[in-house]
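Right, one structure below, let's go through it.
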Amino acid sequence: MHNKAPKLLMLAMRVTILLTLTVIVLGAYTRLSDAGLGCPDWPGCYGKITVPSNTLAVNEANIQFPERALEAEKAWIEMIHRYFAGSLGLLIFVVVAWCIKKNITSVELPLLISATVIFQALLGMWTVTLKLMPVVVMAHLMGGFTLLSLLCLLYCRLSQFQSRFGDATYTSSLKAWALCGLLIVVGQILLGGWTSSNYAALVCTQLPICEGNWVSYLDFKNAFDFAQHGHDNYEFGVLDYPARLTIHVMHRIGAIVATLTVLMVAYQLWKFGKGPQQKLSVVVVIVLFTQITLGISNVWFHLPIFVAVMHNLVAAMLLISMVVTNFVVWQPKPSEYLVKNNVLQGGNHGQ
């Protein structure tokens with residue numbers, strides 16, 4: 001038997017999700033402002049828990065790390081991201097312990113969230129120690145999005161979110177499209193992470209795909225070589241123009257595929273013909289077109305940092321919308337859920 005989630009826990013969950021979005025935004029800003037190696041060590045900064053500031057400390061830092069002179073602004077961007085990420089990790093462990101101790105939900109999801117936090121911390125360390133190796137940077141980005149998705153899933157479970165959508169039976173077509181939409185959005189986020197981590201965002205400056213005879217430059221072999229051996233530092237990218245162009249073009253094509261798929265999911269929800277499902281459909285469409293507008297603006301205005309950061313944030317919101325949609329259509333009907341719970345409770349009382 002699972003207990004009802006207390007209001008304070010639900011508040012803590014909302015704060016945790018907002019803090020996760022904040023950390024994703026700070027991570028994007030750190031990456032886009034080229035501050036990923038602002039501190040060349042981990043978890044501190046030039047061996048300190050804050051950025052060295054006085055002349056003696058700065059000189060010591062530069063002697064200790066002669067390959068990277070201290071740039072205070074970039075170092076602070078990186079450390080603020082770490083402080084927020086560390087605070088988020090601690091808050092998540094409190095929420096997880098609360099859920100498990102009070103038997104509010106089954107332990108599998110809280111434990112998976114804990115494991116994701118630990119692995120995400122390791123990816124943060126490897127991002128620095130492996131000098132922005134693209135596959136690690138992309139995995140770190142995806143780890144943040146995964147953590148956000150799992151926390152939203154836990155929140156939906158604790159708040160019994162599916163009860164807001166009535167005792168509906170969803171068609172296999174809607175379920176299939178919802179799952180397809182989620183997988184394609186995840187794939188598109190991975191492509192976006194790979195584009196960003198290989199510094200390929202400004203390779204194509206025209207719409208809709210790229211300028212010139214771009215087809216003749218395509219180089220899939222090097223574009224998706226995840227190992228990229230033989231480099232000591234990956235800052236500003238190590239790939240040649242054809243490989244970067246290929247990555248960027250695939251992200252553009254992925255955006256078209258994702259748009260069409262998510263629109264089909266929204267259409268299927270709207271066609272369902274009930275208020276809550278149609279509201280969810282409208283939310284999905286609004287988030288999708290906001291993301292398309294930001295993506296076009298990135299190209300048109302040559303990647304202004306505010307727009308690029310917002311592109312990351314709205315990608316996270318689009319992912320949440322797909323996670324919530326799948327939660328709604330794949331969960332058992334509220335009446336079935338209650339019957340199942342009553343059976344479990346009856347079994348517990350009879351023991």
Side-chain angles (χ1 to χ4, degrees), residues 17 105-106 108-109 112-113 116 138-139 141-194 208 224 249-292 295 311 314-341:
I17 290 168
T105 184
S106 53
E108 291 85 357
L109 184 55
L112 181 58
I113 290 170
T116 305
M138 181 182 70
L141 170 78
M142 206 62 221
F145 280 70
T146 302
L147 186 59
L148 176 66
S149 299
L150 294 173
L151 287 168
C152 288
L153 191 57
L154 180 60
Y155 181 82
C156 286
R157 279 194 187 176
L158 295 179
S159 64
Q160 297 182 342
F161 187 74
Q162 76 275 20
S163 63
R164 301 179 192 183
F165 290 82
D167 219 9
T169 302
Y170 298 97
T171 63
S172 55
S173 173
L174 174 52
K175 289 182 177 182
W177 275 109
L179 185 57
C180 186
L182 174 61
L183 293 174
I184 287 175
V185 166
V186 168
Q188 179 62 2
I189 291 169
L190 283 166
L191 277 171
W194 192 239
F224 295 98
V249 164
M250 290 309 296
H251 185 52
R252 294 267 187 105
I253 293 170
I256 295 168
V257 174
T259 297
L260 294 173
T261 309
V262 173
L263 280 175
M264 189 63 186
V265 175
Y267 169 70
Q268 293 275 341
L269 279 170
W270 183 266
K271 194 174 71 168
F272 195 77
K274 292 188 178 179
Q277 286 79 2
Q278 291 184 336
K279 283 181 184 176
L280 180 57
S281 171
V282 170
V283 170
V284 168
V285 170
I286 289 170
V287 174
L288 174 65
F289 279 100
T290 303
Q291 183 67 343
I292 293 167
H311 194 51
V314 180
M317 294 171 70
L318 185 61
L319 178 61
I320 290 172
S321 74
M322 287 294 98
V323 169
V324 169
T325 299
N326 275 272
F327 179 84
V328 168
V329 302
W330 284 96
Q331 280 289 300
K333 291 192 290 185
S335 60
E336 291 173 2
Y337 184 80
L338 289 170
V339 168
K340 185 180 175 184
N341 262 4

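Counting begins at 1 with the first residue of the sequence. Bear in mind the structure is a predicted one, so any value in this text is a computation, not a measurement.
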Requested in this report: Would you please name every residue forming a side chain to side chain contact (heavy atoms under 4.5 Å, CB included) with L153, sequence neighbours left out?
Outcome: L109, F327
Query raised in the report: With sequence neighbours excluded, what pairs up with A139 under the side chain to side chain contact (heavy atoms under 4.5 Å, CB included) test?
Result: L123
Query raised in the report: Can you find a heavy atom in the side chain of L319 that is under 4.5 Å from one in the side chain of L148?
Result: no
Show every donor-acceptor pair shorter than 3.5 Å between a side-chain atom in residues 182-191 and any protein atom, with sequence neighbours excluded, or say none if there are none.
from, atom 1, to, atom 2, distance (Å)
Q188, OE1, A255, N, 3.4
Q188, NE2, H251, O, 2.9
Q188, NE2, H251, ND1, 3.0

Report task. Only counting residues at least two apart or in another chain, list the ones meeting ring-ring contact (aromatic ring centres under 6.0 Å, His included) with F161. Result -> F165
Query - Considering all heavy atoms, the nearest T116-G143 contact - result: CG2-O, 4.2 Å
**Report entry** Shortest non-hydrogen contact between Q277 and A168, atoms and distance
**Finding:** NE2-CB, 4.0 Å
Query raised in the report: Partners of F145 by ring-ring contact (aromatic ring centres under 6.0 Å, His included), sequence neighbours excluded?
Result: none
Report task. With sequence neighbours left out, write down each residue that passes side chain to side chain contact (heavy atoms under 4.5 Å, CB included) with W177, or none if nothing qualifies. Result -> S173, T261, M264, V265, Q268
Requested in this report: State whether the side chain of Q291 and the backbone N or O of H311 hold a donor-acceptor pair below 3.5 Å, judged by distance alone.
Outcome: yes
Query raised in the report: Okay, side chain of Q162, backbone of V328: is any donor-acceptor separation there less than 3.5 Å?
Result: no
Requested in this report: List the atom of Q278, the atom of G273, and the distance in Å for their closest heavy-atom pair.
Outcome: NE2-CA, 3.5 Å
Query - Listed partners of S321 passing side chain to side chain contact (heavy atoms under 4.5 Å, CB included), at least two apart - result: V284, L318
